[in-house]
Amino acid sequence: MLVTLCVWIWLRQSLPLLEGELDTGALTTPAEIRRDQQGVPFIQSSDRGSIAFALGFLHAQERFFQMDLLRRNSSGELSELVGAAALEHDREVRLHQFRKRAERNVAAMPESQREILERYAAGVNSGLEQLGANPWEYALLGQEPRAWVPSDSLLSIFSMYLTLQSQTGKFELRDNALAELLPQDLYEFFVPKGGIWDAPLIGQARGPVTLPETHIAALVSDSEPLAYLPMQSEDMIVGSNNWVVGGALTEHGSAIIADDMHLSITVPNIWYRAGWNVPGSERKMRGATLPGGPIIVAGSNGQVAWGFTNTTADWGDLIPLELSEDGSQYRTPDGWADFTVEREQIAIKGEAPETLEVRKTIWGPVVIKDYRGRPLAYRWVAHDVRGANMNLLRMEDVSSTEEALNLAPQLGIPHQNFVIGDHAGNIGWTVAGPIPRRVGLDGSRSVSWADGSARWEGFLSVEEQPRVYNPPSHRIWTANSRTMDGEFLKVMGDGGYALGARQQQIRDDLFAREQFTEQDLLDIQLDDRAVFLERWQEQVSSLIAGNDDYAAVAKQVKNWGGRASADSVGYRIVRNFRLKFIELATAPVLTYMRRHDKGFSFGRVNRQVEYPAWEMLEKEPAHLLNPDFESWHALKLAALDQVLAQMAEGGLPLHEQTWGVQNTAKIQHPLGRAVSAVNWFTAMPADPLPGDSHMPRVQSASKGASERMVVAPGHEELGVFHMATGQSAHPLSPFFGNGHRDWVEGNPSSFAEKEVRYTLTLK
């Protein structure tokens, strides 16, 4: 009891300020912060700089440790805070020198944007100073928080690059290795570029894959044990859903946009809800901010609403270097050149600092070696000045979908499917972010740039950007899968597109109605029907039909319910059987690749594996059978048996081995992974969760909808906004867990802030 009291008193010291007046000594124009019962603030001021200051103040008071992790994540400075456990991460990230790039980009900004960043940073530092004690995480780590500077806000953007794109071009690296090492027909079979589940905005689904002629025995030898790597759902890589319907399909005539960004779910939530007036106008900004920056990432300005999903297209190229005999130089179009070597010092808590040498070329840093041992330089949009900026601030002044589409190439963010709707009912899609103009290469293969024939020549103009505007269907949808075909696909490339099943289910849901309300779009976000797995369920049922040893299993599979319900045993069996079957069926390919590259794993290259897996499951080609099994029937039963054995490990009887038992929420503070006692006062409830991959309601124990937003610009009061955790990271805050139950249950909680509960004025 005494320990609990001491912890409570200790935590209370760092609670944020909610009410009253505060003379900051930094504002000439005051800012009023009004919070509702959920802690959603609306900032009112006649000066945009004061609004930025107030938002920085709020972010620091509620989320400073999260902001600190974001900037340290991309700057490679985590070891300074938490010790050597983060050293390998810091070594990899420091190769990109994002802190230097952030400082460069801030210096290149328009003065008006730089001033906003400076006012935001001043607000962050003021908010931190006004706490009665440092945020509790720093006391636990025995550290002092470091002041915020304007370039740290761009490091937050670079941190999102690291989440949404690969800092070493892993998709290209693995795809190239497979293409070079596998017989061509096996490569085309096992690594297809699409199929019947595609649902692009422009173009059609791909045709079926063709069974290869090469025998699988060509990949393995009798003396070599096969490698097995547990198969994770290939659609559980972080991504998002969004869609929009035009005004022709709504009662109020405004477009309605739905957006749910799938990311890791932690305490606190990655997003912080906020709103503010736009000085000099009647507009009001509302939506999701990223602590660390002074902008609405996804939301509405009253005239236009927008949301993002990761494009999963190709925004970087690996360049195999041609080295001199002693390896000290590399060939360029202008002849041999020395590597530029810069030294980065990595501070490590409790240890001496480490010095890292960064080898740089005219195209980018050397980041990795291929399976042959060749060093690869990386040309990545994130390295350019245009790769990270504050141009998303300009969404405050946009009044139409067309204006937003024209702004898209100037947005310095990780490339997103930018889906937009406006008050007049217009809708659109384009890529948000600069698209490189490739010359002499298409980006699908790593080629030498030494002779100058392969290169980037700037970025595409707004006229060259792919876009869709007011399609005849009045519907637009994206979900990390291929959106384009033809010339537009050529400029976007392929960075490991998700299988189209989730995108297709959203499209079909949208075409199942002719009129929509906000609730209708929320219903699509919560759609957990297992459309994709229906044919797999039929196969499992057929496999064990009439086999008395599997009678109880057959009953559960038959009565699976056809959705990823938390209480379904049959769903869990079917989805896990599919993954185990893929693991066993593709083991010869993995074994062969590991012979050439010991650490090889499929990763994103495996995201279209459904197509070869289904062909093998249905057609049972003898020449593709894993030699560890005497028949396809035996392999299938082995897959099912292994699944059932894993499900039984918890000791529950079969009828209690539900999907919810496996898919139980594990939403924790980052420090809870290292200090289990932290979970006692910070973790969200361990709810059994519905939903899964390959359906709109994407959900795992720790990944899923970091937010759900449904809003029509001009009708924000009808909108919906969900977050998995509350506004504040402080466990004693009244806003700590607010909204979690609505997120779990799908209740339509309000997009717009509600009745004012607390008012704080900053002067």
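- Using a cut-off of 4.0 Å between Lys/Arg side-chain N and Asp/Glu carboxylate O, Arg445 and Glu172 are scored as not salt-bridged.
- Between Ser448 and Ala454 the shortest heavy-atom distance is O-CB, 3.9 Å.
- A salt bridge links Arg438 with Asp317: the distance from a Lys NZ or Arg NE/NH1/NH2 to an Asp or Glu carboxylate oxygen falls below 4.0 Å.
- With sequence neighbours left out, Leu95 forms a side-chain contact (heavy atoms from CB on, under 4.5 Å) with Leu356, Val358.
- The pair Arg535-Glu618 does not meet the salt-bridge criterion, since no charged nitrogen lies less than 4.0 angstrom from a carboxylate oxygen.
- Contact between Pro365 and His96 at its shortest, heavy atoms only, is CG-ND1, 4.3 Å.
- Applying the salt bridge (Lys or Arg N to Asp or Glu O under 4.0 Å) test between Arg578 and each of Glu234, Glu534, Glu583 identifies Glu234 as the sole match.
- For the pair Asp692 and Arg575, the salt-bridge criterion is met [side-chain N within less than 4.0 Å of a carboxylate O].
- Side-chain contact between Asp370 and Ser446: absent, with no pair of heavy atoms (C-beta onward) separated by less than 4.5 Å.
- Shown here are the ring-ring contact (aromatic ring centres under 6.0 Å, His included) partners of Trp560, two or more places apart in sequence or in another chain: there are none.
- A salt bridge is absent between Asp175 and Arg604: the closest approach of a Lys/Arg side-chain nitrogen to an acidic carboxylate oxygen does not fall below 4.0 angstrom.
- A ring-centre distance under 6.0 Å is not found for Tyr330 and Trp449.
- The aromatic rings of Trp632 and Phe581 sit tilted relative to each other, their planes meeting at an angle between 30° and 60°.
- Look at Lys193 and Glu188 and you find no salt bridge, because none of the NZ, NE, NH1 or NH2 atoms lies under 4.0 Å from a carboxylate O.
- A 4.5 Å side-chain heavy-atom check between Leu178 and Phe600 finds at least one atom pair inside the cut-off.
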Check the pair His694 / Trp197 against ring pair (Phe, Tyr, Trp, His ring centres under 6.0 Å), numbers first and verdict last. CA-CA 10 Å; His694 297 305; Trp197 294 105; 8.5 Å; no

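- Salt bridge Arg563/Asp528: present, at least one basic N to carboxylate O contact under 4.0 Å.
- Using a 4.0 Å cut-off between charged nitrogen and carboxylate oxygen, Asp485 and Arg482 count as a salt-bridge pair.
- Two residues are said to be in side-chain contact when any heavy atoms from C-beta on lie closer than 4.5 Å; Pro696 and Arg529 fail this criterion.
- Residues that satisfy the side-chain hydrogen bond (donor to acceptor under 3.5 Å, both in side chains) test with Tyr592, not counting sequence neighbours, are absent from this structure.
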- Query: Would Trp477 and Trp429 satisfy ring pair (Phe, Tyr, Trp, His ring centres under 6.0 Å), going step by step from the backbone distance to the final call?
  - Reply: CA-CA 9 Å; Trp477 58 92; Trp429 166 91; over 10 Å; no

